[in-house]
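Let me begin by presenting the structure, written as C-alpha cells, before commenting on it.
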Protein chains: 2
Amino acid sequence: MSVTTLHRPTHRDALGLLETAFGGGRLVTVFGRCTVEYDGRASSSLGPGDRLIICKPDGTILVHTDEKRKPVNWQPPGCTHRVSVREGRLRIRSERSAPEERLDVDFERIEQVSAYEVTDRSDLTLTGSEEDLRQRILDDPALIEPGFVPVATERETTAGPVDVFGADADDRPVVVELKRRRVGPSAASQLQRYVDALDEEFPGEYVRGILVAPSVTDRAAALLEERGLGFVALDPVGEDGDGSGSDSNRSGGSGGDDSESDDSESGTVDGA
Amino acid sequence: MSVTTLHRPTHRDALGLLETAFGGGRLVTVFGRCTVEYDGRASSSLGPGDRLIICKPDGTILVHTDEKRKPVNWQPPGCTHRVSVREGRLRIRSERSAPEERLDVDFERIEQVSAYEVTDRSDLTLTGSEEDLRQRILDDPALIEPGFVPVATERETTAGPVDVFGADADDRPVVVELKRRRVGPSAASQLQRYVDALDEEFPGEYVRGILVAPSVTDRAAALLEERGLGFVALDPVGEDGDGSGSDSNRSGGSGGDDSESDDSESGTVDGA
DNA sequence: ACGTCGATTTCGAGG
DNA sequence: CCTCGAAGTCGACGT
C-alpha cells in the first residue's frame, strides 16, 4: 500500500498510524487544529489554528499554514519524532541535540492523517548557478578582460576562499568575486575583504579586485568605485554574447520563452 | 466539509478536485509519480519519482521529497496555478511574471489528492531575534560599555542603515552592529563598511565600531582586530547577567528546560 | 563537530 | 516596484 489515510481519526487511531509510519520510514502529513511551541536557537509560540504538518523519515518536520513558502515552524533533518496522546491531545514532539531544540505540535482535532511511501531516485539538475558563471569564465577568461589568466578557484586567503584568483595582462594579481545575480553592498565588501587579504600576501604589488555579476545597485557601484574595484557585467548563462570587460553597469534581462498551448479544462488560482 | 480526498483518482477526477480547490481558496496536497521542470531565475529538471506537492491559496507551490527541509522545487507566493490533462498526464503549472518564472509538475500517476480548508488567525510570537538583542541594549546601554549612549537605531549612512548609532563616554561616535548568533567574517566586513561611511561623515573624528554577538569565529576576530573594531559578547536573551563589555569570545549556551513526562504509547523515528 | 559561503534563498521594512 | 539586511535561515563542502 503506497498511501494510508485516516479521515477524522480518534487520537488513538492517529497515534497508531503515526507510529507505524514513523517506524516504516514513511512521509506523513497531518491536518488539524493545533498549537505549536518551539524552543531552541530561539523560542516561539503559535496559537490554535488549522495547519498542515509534514513529517519526513529523515527527521524533518514542517508546519505549514495557508500562506508563504516557508513553514511557520519546523525542525531540520536529523531530529527524532515522538507521538503521544494525553489529556485529549495528540502531540508530535520533535527533538534534537547540538543544538538542543524541541518542537511540540499539539493537536486538539485531527481532520486527516496520511502516510506515504516515497520512492525518489532522481537527482535535480540545475543551471544558472554561480558555479555556471565560474565555468563560463574559465572557458573564456577574456570575458573578464583581455589577457586575464585564471590561476586558481576557491583560493584560500586569511579572509576566506576567493572565487577566482588570477593575473591580468600586466601580471598583476586579480581577485574575482562571482555573483549569479544583481548584487548590493555586501558583495562589494566581500571583494574588498579578499583584496585586503591578498594585499598583505603580495607586499609591494597592486592587487586588483573585480566583481562579476549581472548588475550592481547604485550603492554597491559607489563602494566599488570608492575602493578602486572593477565590475564586469555577466550572466551565469550566456543568453547573448556580452564580452565587454569594462566598468559598465547594466541589468541583465532574463529571456528564453518557449510557448506551449493550453488544453481542455483548466482551473486557476491567483495568488492573493 | 473541511477535507476532501481522492484516492488513486483518474486524472480527470483529480483535475476536477484541483479546479474546485483552487477556486475555493483551499490548500491542496497531491502525492504521486511526477517530473518537474522549472525555468526562471535559474532552470532545473527533475526526473520521475514519488513526491508530495503542496499548493497554497496564496499562489505558493512546493515539491517535497522524503528528505531535507527545503522543497526540491517550488514557486513563491503570488503565482498562478493552472491544471490541465493531456496525453495521459496531469500537469500543474505555476507561473508568475516579474520575474518571469514557470514551474511544471507532470503527474504520470496520482496516489492521492487532498483539499484542505484552512483557518488560521494566530500569529507567531518569536523571541531571541536581533530585535530582542537591540532592545536589551537600549534598556541597558552599559552592556556595550560604561558611558555608552545610544542616539539612533537604523541610522542611515551612505553604506546602509546602522543597527545602533551612539556615543561613548568621550563623546566619540560609535557604530554598533548586532547579530543574534555567532558571527563570521561577513559581519566584520559589514561593520567596517558602516565605520568607513561614518568616517566620511565625521571628518577629523575617530569613529568606533563595535560588534555585538554571542561570539565570533577566529577569522572574524582577526578581521576585527586588524581593523581596530571592538567586540562585545552578548546573547539576544539575557539568560544570565553578562555585562562585561570586553573583548572576550565565548559561546552562549542555550538553556531553558522544562521537563514533562511521557505517556501511553509512543512511536519514534530517528533522522537518517 | 565548526567554519565559510551560496541560494531559484525567503521575508519584511522602507523609500 | 527596488534596496537592504535578517533568518530558528538551509545546505554543501572543507578541515
Side-chain angles (χ1 to χ4, degrees), chain A residues 38-44 60 67-78 96-103 124 126-134 154 156-157 159-163 177-187 189-190 193-194 215-220 236 251 254, chain B residues 38-44 60 67-79 96 98-103 124 126-134 154 156-157 159-163 177-187 190 193-194 215-220 236-237 251 254:
Chain A
Y38 157 75
D39 193 58
R41 285 166 293 175
S43 302
S44 74
T60 302
E67 286 184 329
K68 300 295 151 64
R69 209 214 66 146
K70 298 173 81 172
V72 64
N73 275 115
W74 73 92
Q75 205 74 287
R96 69 161 169 168
S97 39
E100 193 70 40
E101 287 195 301
R102 187 179 61 216
L103 183 77
L124 184 79
L126 187 142
T127 60
S129 64
E130 180 181 303
E131 167 62 23
D132 292 306
L133 178 55
R134 169 166 63 187
E154 300 301 320
E156 274 301 332
T157 73
V162 162
D163 282 339
E177 173 60 30
L178 310 174
K179 293 296 172 193
R180 66 171 299 281
R181 58 174 210 170
R182 183 173 174 84
V183 297
S186 66
S189 284
Q190 188 182 357
R193 187 152 41 94
Y194 297 145
S215 61
V216 289
T217 66
D218 288 349
R219 196 116 76 172
S251 86
S254 188
Chain B
Y38 157 73
D39 192 56
R41 287 166 291 174
S43 304
S44 76
T60 303
E67 286 183 328
K68 298 296 153 63
R69 209 214 66 148
K70 300 172 86 172
V72 63
N73 276 115
W74 72 90
Q75 204 76 288
C79 295
R96 69 162 170 169
E100 192 71 40
E101 288 194 301
R102 187 178 61 217
L103 183 76
L124 184 79
L126 186 142
T127 60
S129 63
E130 182 181 300
E131 168 61 24
D132 293 306
L133 178 55
R134 171 166 61 186
E154 301 300 322
E156 274 301 333
T157 73
V162 163
D163 283 338
E177 172 60 31
L178 310 174
K179 293 296 171 191
R180 65 171 301 279
R181 58 174 212 170
R182 184 175 174 83
V183 297
S186 66
Q190 190 182 354
R193 192 157 29 104
Y194 297 145
S215 61
V216 290
T217 66
D218 289 348
R219 209 174 273 186
V237 286
S251 86
S254 187

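Residue numbers begin at 1 in each chain, while the letters A, B, ... track the order of the sequences. It should be emphasised that the depicted structure is a prediction, and the values quoted were computed from it without experimental measurement.
Phosphate proximity of D:dG11 to B:Lys70: absent, as no side-chain N or O sits under 4.0 Å from OP1 or OP2. Checking the phosphate oxygens (OP1, OP2) of C:dC5, a side-chain nitrogen or oxygen of A:Tyr194 falls inside 4.0 Å. Distances shown here put a side-chain N or O of A:Gln190 below 4.0 Å from the OP1 or OP2 atom of C:dG6. In this structure, B:Arg181 reaches the D:dT9 phosphate: one of its side-chain N or O atoms is under 4.0 Å from OP1 or OP2. At D:dC4, one or more side-chain N or O atoms of A:Thr217 fall inside 4.0 Å of OP1 or OP2 (strictly under the cut-off). Residue B:Arg180 has a polar side-chain atom (N or O) positioned under 4.0 Å from OP1 or OP2 of D:dT9. At C:dT8, none of the side-chain N or O atoms of A:Arg69 fall inside 4.0 Å of OP1 or OP2 (strictly under the cut-off). At D:dT9, none of the side-chain N or O atoms of A:Trp74 fall inside 4.0 Å of OP1 or OP2 (strictly under the cut-off).
Counting any heavy atom pair closer than 4.0 Å across all strands shown, B:Ser129 reaches sugar-phosphate atoms only and no base atom. No contact: B:Glu156 has no heavy atom under 4.0 Å from any strand. Here B:Glu177 lies in heavy-atom contact (under 4.0 Å) with sugar-phosphate atoms only. Contact annotation for B:Pro185: backbone-only contact, meaning every heavy-atom pair under 4.0 Å involves sugar-phosphate atoms and none involves a base. Within 4.0 Å (heavy atoms only), B:Ala159 reaches sugar-phosphate atoms of the nucleic acid but no base atom. Counting non-hydrogen atoms under 4.0 angstrom, B:Pro99 reaches nothing in the nucleic acid.
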Do A:Arg102 and A:Glu100 pass the salt bridge (Lys or Arg N to Asp or Glu O under 4.0 Å) test, and can you show the C-alpha distance, the side-chain angles, and the key distance before you say yes or no?
CA-CA 7 Å; A:Arg102 187 179 61 216; A:Glu100 193 70 40; over 6 Å; no
Could you walk me through whether A:Glu154 and A:Arg134 pass salt bridge (Lys or Arg N to Asp or Glu O under 4.0 Å), step by step?
CA-CA 11 Å; A:Glu154 300 301 320; A:Arg134 169 166 63 187; 3.1 Å; yes
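Comparing C:dC2, D:dC4, C:dT9 by their nearest atom to the side chain of A:Arg219 picks out D:dC4. Listed nucleotides C:dG3, D:dG5, C:dA7 differ in distance to B:Arg193; the shortest reach to its side chain belongs to D:dG5.
Judged by closest nucleotide on DNA chain C, B:Gly184 is the one of B:Gly184 and B:Ser44 placed further toward the 5' end. Each of A:Tyr38 and B:Gly160 lies near DNA chain D, and the nucleotide nearest B:Gly160 is the one positioned closer to the 5' end. For B:Ala42 and B:Ser186, each mapped to the nucleotide of DNA chain C holding its nearest heavy atom, the one lying further toward the 5' end belongs to B:Ser186. The nearest heavy atom of DNA chain D to B:Ala98 and to B:Leu126 marks one nucleotide each, and the one closer to the 5' end goes with B:Ala98.
With rounding to whole Å, B:Leu133 atom CG is found 15 Å from D:dG5 atom C1'. If you measure from atom CZ of A:Arg41 to atom P of D:dA7, you get 12 Å, rounded to the nearest angstrom. Computed from coordinates, the A:Leu124 CG to C:dA7 P distance equals 13 Å when rounded to whole Å. When rounded to the nearest whole Å, the span between CG of A:Asp218 and C1' of D:dT3 equals 10 Å. Rounded to whole Å, atom P of D:dG8 lies 13 Å from atom CD of B:Glu131. Put simply, CD on A:Gln75 is 12 Å from P on D:dT9, counting in whole angstrom units. For the pair A:Arg134 CZ and C:dC5 P, the computed distance is 14 Å after rounding to whole Å. Atom pair A:Lys68:NZ and D:dT9:C1' shows a separation of 16 Å (rounding to whole Å applied).
Side-chain atoms of B:Asn73 and base atoms of C:dT8 include a donor and an acceptor less than 3.5 Å apart. One N or O donor and one acceptor, one from the side chain of A:Glu101 and one from the base of D:dG8, sit under 3.5 Å apart. A donor N or O paired with an acceptor N or O is not found under 3.5 Å between the base of C:dG14 and the side-chain atoms of B:Glu154.
Spacing of P atoms, C:dT8 relative to D:dC4, comes out at 22 Å, to the nearest Å. Taking atom C1' on both nucleotides, C:dC5 is separated from D:dA7 by 15 Å, rounded to a whole Å. Rounded to whole Å, the separation between the P atoms of C:dC11 and D:dG11 comes to 15 Å.
Atom CD of B:Gln190 and atom CG of B:Asp163 lie 7.0 Å apart (nearest 0.5 Å). Here the CZ atom belonging to B:Arg69 is positioned 6.5 Å from the NZ atom belonging to A:Lys70, to the nearest 0.5 angstrom.
For the residue pair B:Ser215 / B:Arg182, a side-chain donor-acceptor distance below 3.5 Å is found, with atom types taken as modelled.
Using a 4.5 Å heavy-atom cutoff, the side chains of B:Pro236 and B:Arg181 are not in contact. Counting heavy atoms from C-beta on, the side chains of B:Thr60 and B:Gln75 never come closer than 4.5 Å.
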